[in-house]
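Inspection log for the structure reproduced underneath, given as C-alpha cells.
Counting begins at 1 with the first residue of the sequence. Because only heavy atoms are used, hydrogens play no part in the values below, and waters and symmetry mates are left out as well, while side chains stay in.
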Amino acid sequence: GAWLNAGQAALADKVIRLHVLANSDSEADQALKLRVRDRILAEAADLFAPGETVAQARETLTLALPALAEAGAEVIVDTAGELLERLLEA
C-alpha cells in the first residue's frame with residue numbers, strides 16, 4: 001500500500017517512462033504497440049550522455065519528441081502498407 005506508493009514516488013524522480021498505447025487488446029494491436037515501442041527506444045538509445053541528470057534527459061527528450069513520434073508513426077504506416085499489400089494479393 002503506502003510503502004509501494006512512496007517507493008514509486010521516489011523512483012519517479014529518477015526515471016523517465018515511455019507509455020505506448022494500443023488501439024485495442026487484440027493480438028495485432030498489441031504486436032503493433034510493441035513494434036512502435038521498440039522503434040522509439042532504438043531511436044532514443046543514443047540521445048543521452050553518460051551522467052545526464054533526469055532533468056537534462058527530460059530536456060533532451062522534449063527536443064527529440066517530434067523525431068521520436070515520427071519514428072513511431074513510420075512503423076504504423078509501414079505496417080498498414082504491409083497489410084494493404086496482403087489484402088491486394090488475396
[X] side chain near [Y] side chain, heavy-atom distance below 4.5 Å:
X     : Y     : result
Leu63 : Leu65 : no
Arg39 : Glu43 : yes
Thr60 : Glu52 : yes

Notebook entry, point to check: So, for Leu18 and Arg37, which heavy atoms are closest and what is the spacing to 0.1 Å?
Noted result: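 Closest pair (atom of Leu18, atom of Arg37, distance): CD2-CG, 4.1 Å.
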Note to self: How close do Leu47 and Ala64 get, counting heavy atoms only, and between which atoms?
What the structure shows: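 It is CD1-CB, 3.6 Å.
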Item checked: Value rounded to 0.5 Å, distance of CG in Asp29 from CG in Leu21 ->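 It is 11.5 Å, given to the nearest 0.5 Å.
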Item checked: Interatomic spacing from CG in Leu87 to CD in Glu89 - rounded to 0.5 Å ->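 Reported to 0.5 Å precision, the distance equals 9.5 Å.
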Next item on the list: Would you please name every residue forming a side chain to side chain donor-acceptor pair (under 3.5 Å) with Thr53, sequence neighbours left out?
Entry: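 Gln56.
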Margin query: Does Glu59, at its CD atom, have more than 12 non-hydrogen atoms belonging to other residues, nucleotides or ligands within less than 6.0 Å?
Written below: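 Count not over threshold, so no.
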Item checked: Contacts of Ile16 that satisfy side-chain contact (heavy atoms from CB on, under 4.5 Å) - sequence neighbours left out -> Val54, Ala57, Arg58, Leu61
Check: Does Gln30 use its side chain to pair, donor to acceptor, with the backbone of Ser24 at less than 3.5 Å?
Finding: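 Here the side-chain-to-backbone pair exists.
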Next item on the list: Any chance you could lay out the side chain to side chain contact (heavy atoms under 4.5 Å, CB included) test for Arg35 and Leu32, step after step, and finish with the verdict?
Entry: CA-CA 5 Å; Arg35 287 194 300 273; Leu32 177 58; 3.8 Å; yes
Next item on the list: Determine whether Val75 and Leu83 fall in the same hydrophobic cluster, where Ile, Leu, Val, Met, Phe, Trp and Tyr are linked whenever their side-chain heavy atoms lie under 4.5 Å apart.
Entry: no
Margin query: In this structure, would Ile76 and Val20 fall into the same cluster of hydrophobic residues linked by side-chain contacts under 4.5 Å?
Written below: yes
